[in-house]
Each structure stands twice: as structure tokens, then as C-alpha cells.
Amino acid sequence: MIKSNLKETFELVLRQCVFIILNIYAISKLLGGQFYMNGTLPEQIANTTLGEASGFSLAWTFMGHSYFYILFVGVTQLIGAWFLLWNKTKLIGVFILIPIMVNIIIFDIIFLDVYPALANAIIVFLMLILILFFNKERVIDAIKRLTNFQVKSKVLIKRRLITFGITILIIVLIFTFDSFIEHLLGASKEKILE
């Protein structure tokens with residue numbers, strides 16, 4: 001009983017820590033405090049050529065280029081973090097936040113030389129993994145439910161070939177339509193060369 005209460009308390013502490021940390025980062029993004037946004041580039045960065053720019057400057061400028069992107073990431077972090085506050089939605093929050101944190105960790109490793117940010121992202125990621133671990137029975141049950149399909153009788157090779165042929169035909173139609181729209185809108189070599 002005490003062990004169960006301790007586990008629940010520790011999990012709640014982890015969830016609240018992730019909630020607070022990600023709310024700080026998300027609000028910072030939304031208020032323009034995290035990336036170099038259009039119109040707010042530091043003079044030193046604005047006067048640097050692409051070839052001379054550091055990975056950090058390139059990444060921070062690229063990420064800040066679109067406020068819609070910043071809004072998407074910030075709001076997604078907020079939604080995931082807020083879902084952590086309730087037992088019924090905590091796993092949804094974890095599953096929203098894990099891909100975000102993996103992306104941040106990979107981004108930090110590849111582009112940034114700011115190790116405290118990387119360490120913070122890894123710590124948040126590990127806290128999310130611990131929350132999953134504390135709920136492993138529910139996670140395993142959900143995976144079983146998602147992957148437990150009725151085994152059908154053998155599918156005939158003829159049917160598989162027909163299905164594969166239809167798939168190839170649809171892919172060709174999609175790419176043809178996409179090329180047509182791209183050509184119609186003029187988004188071809190001229191746009192790339194500008």
C-alpha cells in the first residue's frame with residue numbers, strides 16, 4: 001500500500017514537473033522569446049551570410065521564420081502538458097509529448113551547441129518515459145488492443161497482386177495530380193532558382 005502511494009506520488013511529481021517546464025518553454029515560444037523571429041533578428045545575425053552563420057543562428061532563424069510553426073509547436077506542448085494533469089488523459093499527454101521531445105533532442109544534438117538545453121530536453125524525455133513505465137500495464141493493454149486483429153484465412157496471391165496493382169495505380173494518379181497542380185501553380189524550377 002505504501003509502495004503504491006509512493007509510486008503514485010512520484011508519478012504525479014514527474015507529471016507536474018513536466019507540466020511546469022513545458023509550459024515555460026511553450027509560453028516563451030508563443031511570446032517570441034525563444035527563436036529569432038521575422039523582423040526581430042539580432043543585427044549580428046542579420047548581417048551574417050548563410051555560409052558564415054553558426055548552426056545555432058541558422059536553426060534559431062529557421063525555426064522563427066514562421067509564427068504559425070512556432071504557434072503549432074507551442075500549442076502542442078501546452079496541450080500535451082495540460083493533459084498530464086489528469087489521470088484519464090495523462091497517457092495521451094505523454095504520447096503527444098514524446099515525439100516533440102525526441103525532435104527537440106535530435107535538433108539540439110545536430111544544430112545547437114547549447115548543452116543545458118539538450119540536458120533539459122533529455123531530462124523531460126526521461127520523466128515522460130518514467131511516467132510510461134509507471135503505467136506499463138495500461139500501455140501494454142493499449143498496444144495489445146491496437147494490434148490484436150482477428151487472423152483471417154489465407155489471402156490469395158491473386159487478391160494480393162490485384163491490391164498491389166491498385167495501390168501502384170493510385171500512387172501514379174496522386175503523383176500525376178501533384179505534378180499537374182505544381183505545374184499549374186508555377187512551383188517548379190523557377191521557384192527553386194529564385
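Sequence positions, counted from 1, serve as the residue numbers for this chain. When reading the values below, keep in mind they use all heavy atoms of this one structure, side chains included, and skip hydrogens, waters and symmetry mates.
- Taking CD1 of I105 as the reference point, atom CG of L126 lies at 7.5 Å (rounded to 0.5 Å).
- Taken to the nearest 0.5 Å, the CG atom of L31 stands 11.0 Å off from the CD1 atom of I70.
- For the residue pair G74 and A26, the shortest heavy atom distance occurs at O-CB, 3.4 Å.
- Within the 4.5 Å cutoff, no side-chain heavy atoms of E8 are placed close to those of L12.
- Between N87 and R15, some side-chain heavy-atom pair lies under the 4.5 Å cut-off.
- Taking the side chain as every heavy atom from C-beta outward, I171 and F175 approach each other to under 4.5 Å.
- There is a path of hydrophobic side-chain contacts, each under 4.5 Å, that joins F133 to I129.
- The shortest non-hydrogen separation linking I96 to G80 is CG2-CA, 4.0 Å.
- Distance check, rounded to the nearest 0.5 Å: CD1 of I98 to CD1 of I131 gives 8.5 Å.
- Residue L169 is not grouped with residue F164 when hydrophobic side chains (ILVMFWY) are merged at heavy-atom distances under 4.5 angstrom, including chains of intermediate members.
- By the rule that hydrophobic residues join a cluster once side-chain heavy atoms approach within less than 4.5 Å of another member, W86 and V13 end up as members of separate clusters.
- Between the CD1 atom in I92 and the CG atom in L84 there is a gap of 10.5 Å [rounded to 0.5 Å].
- Nearest heavy-atom pair across L97 and Q77 is CD2-O, 3.8 Å.
- V73 is listed as a side-chain neighbour of K29, based on a closest heavy-atom distance under 4.5 Å.
- Taken to the nearest 0.5 Å, the CD1 atom of I79 stands 9.0 Å off from the CD1 atom of I100.
- Of the possible donor and acceptor atoms, one in the side chain of Y67 sits under 3.5 Å from a partner among the backbone N and O of L30.
- Between K88 and R138, the shortest heavy-atom distance links the atoms O-NH2, 4.4 Å.
- Annotation: side chain of M101 is in contact with side chain of L22 (closest heavy-atom distance under 4.5 Å).
- Here the side chains of L132 and L128 are not in contact, with every heavy-atom distance at 4.5 Å or above.
- Within the 3.5 Å criterion, the main-chain N or O of F72 finds a donor-acceptor partner in the side chain of T76.
- Between F177 and L173, the closest side-chain pair of non-hydrogen atoms is not below 4.5 Å.
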Can you list the steps and then say if N135 with E11 is a side chain to side chain donor-acceptor pair (under 3.5 Å)? CA-CA 9 Å; N135 292 276; E11 181 203 310; 3.2 Å; yes
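- Expressed to the nearest 0.5 Å, how far OG1 of T163 lies from NZ of K158 amounts to 12.0 Å.
- In this structure, I110 is a member of the same hydrophobic cluster as V102, with clusters built from ILVMFWY side-chain heavy atoms closer than 4.5 Å.
- Using modelled atom types, one side-chain atom of N23 and one backbone atom of F19 make a donor-acceptor pair closer than 3.5 Å.
- Annotation for V172 and T176: closest pair O-OG1, 2.7 Å, computed over non-hydrogen atoms.
- Looking at N120 and Y25, their side chains come closer than 4.5 Å, going by heavy atoms from C-beta outward.
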